[in-house]
Each structure stands twice: as structure tokens, then as C-alpha cells.
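The figures here come from the full heavy-atom set of this structure, side chains too, leaving out hydrogens, waters and symmetry mates.
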Amino acid sequence: TVETDCITSTDDAQLARPIMLFPNPTYGQLTLPVEISAEEVKVYNGQGQLVARHETHGNTVDIGKLQAGIYFLKLQDKNGHYQARIVKLD
């Protein structure tokens with residue numbers, strides 16, 4: 001079996017609240033807003049394909065192993081769904 005996870009419609013994006021992660025652009029380490037307590041961050045490429053899943057460590061996540069490019073991060077906690085657009089630098 002092949003498992004894929006894609007953003008399939010704009011409805012998904014409309015339900016997610018936008019958040020600011022910093023620094024953006026980044027070389028890898030991102031800081032999440034303190035009020036969000038997500039345990040996992042899903043990273044999607046520009047085509048909507050899931051390219052990585054990362055555990056958060058406190059309020060940080062490291063995407064340093066990804067290639068340079070534009071990514072969309074989706075996360076969820078008990079208060080809802082969140083989304084951010086990130087530019088990853090080499």
C-alpha cells in the first residue's frame with residue numbers, strides 16, 4: 001500500500017488559521033507562537049504533497065534537513081488547526 005497525504009482543496013486551507021513562525025525565511029530552526037501547543041508539524045511542498053512530519057520540542061521545530069524552497073506547515077492543537085507559509089534557505 002502507498003499512503004499519501006495531500007492538500008486536496010482550498011477548504012482545508014480556509015479552516016486553518018494563519019500563524020506567524022519566525023524567523024521566516026529560515027535556515028532550519030522555527031519558533032512557534034507560545035499559545036500553540038502542537039506536538040507534530042506537517043510540512044507540505046508547493047504541490048500540496050506531504051514531505052515531512054516533525055515533532056515539536058517546546059515551541060520550536062527544526063526543518064533544517066529540507067531543501068531550500070517554499071513550504072506550508074500545518075499543525076493542530078486542542079484549540080484548532082493552524083497554517084504557515086515558510087521560506088527555507090540553504
_Nearest heavy atoms of E40 and L75, plus distance in Å_ = O-CB, 3.8 Å
*asked:* For L50, is there any backbone N or O sitting under 3.5 Å from a side-chain donor or acceptor partner on N45?
replied: no
*Starting at CG of N24, measure out to NZ of K88 and round the result to the nearest 0.5 Å.*
12.0 Å
*Which value, rounded to the nearest 0.5 Å, describes the distance between I63 atom CD1 and Y27 atom OH?*
13.0 Å
*Does A68 have any side chain to side chain contact (heavy atoms under 4.5 Å, CB included) partners at least two apart in sequence or in another chain, and if so, which?*
D90
*asked:* Show the nearest heavy-atom pair for residues F72 and R85, with the distance to one decimal.
replied: CE2-CG, 3.8 Å
*NZ of K74 to OH of Y44: how many Å apart, nearest 0.5 Å?*
5.5 Å
*What's the verdict on side-chain contact (heavy atoms from CB on, under 4.5 Å) for V43 and H54, showing C-alpha distance, side-chain angles and the deciding distance?*
CA-CA 8 Å; V43 183; H54 294 282; 3.8 Å; yes
*Which other residues belong to the hydrophobic cluster containing M20, where Ile, Leu, Val, Met, Phe, Trp and Tyr are joined when side-chain heavy atoms lie under 4.5 Å apart, directly or via other members?*
none
_Show me the pairs that pass side-chain hydrogen bond (donor to acceptor under 3.5 Å, both in side chains) and involve residues 62-71, at least two apart or across chains._
none
_Please say yes or no: joined through hydrophobic side-chain contacts below 4.5 Å, possibly via intermediate residues, are I86 and L66 part of one cluster?_
yes
_Residues that Q76 engages under side chain to side chain contact (heavy atoms under 4.5 Å, CB included), provided they are two or more places apart_ = H81
*side chain to side chain contact (heavy atoms under 4.5 Å, CB included) with P33: which residues, sequence neighbours excluded?*
I19, L21, E35, I36
*In Å and rounded to the nearest 0.5 Å, what is the CG to OG distance from N59 to S37?*
11.0 Å
*Examine distances only and state if a side-chain atom of D77 and a backbone atom of A38 form a donor-acceptor pair shorter than 3.5 Å.*
no
_Checking Q29 now: which residues fulfil side chain to side chain donor-acceptor pair (under 3.5 Å) with it, not counting sequence neighbours?_
T60
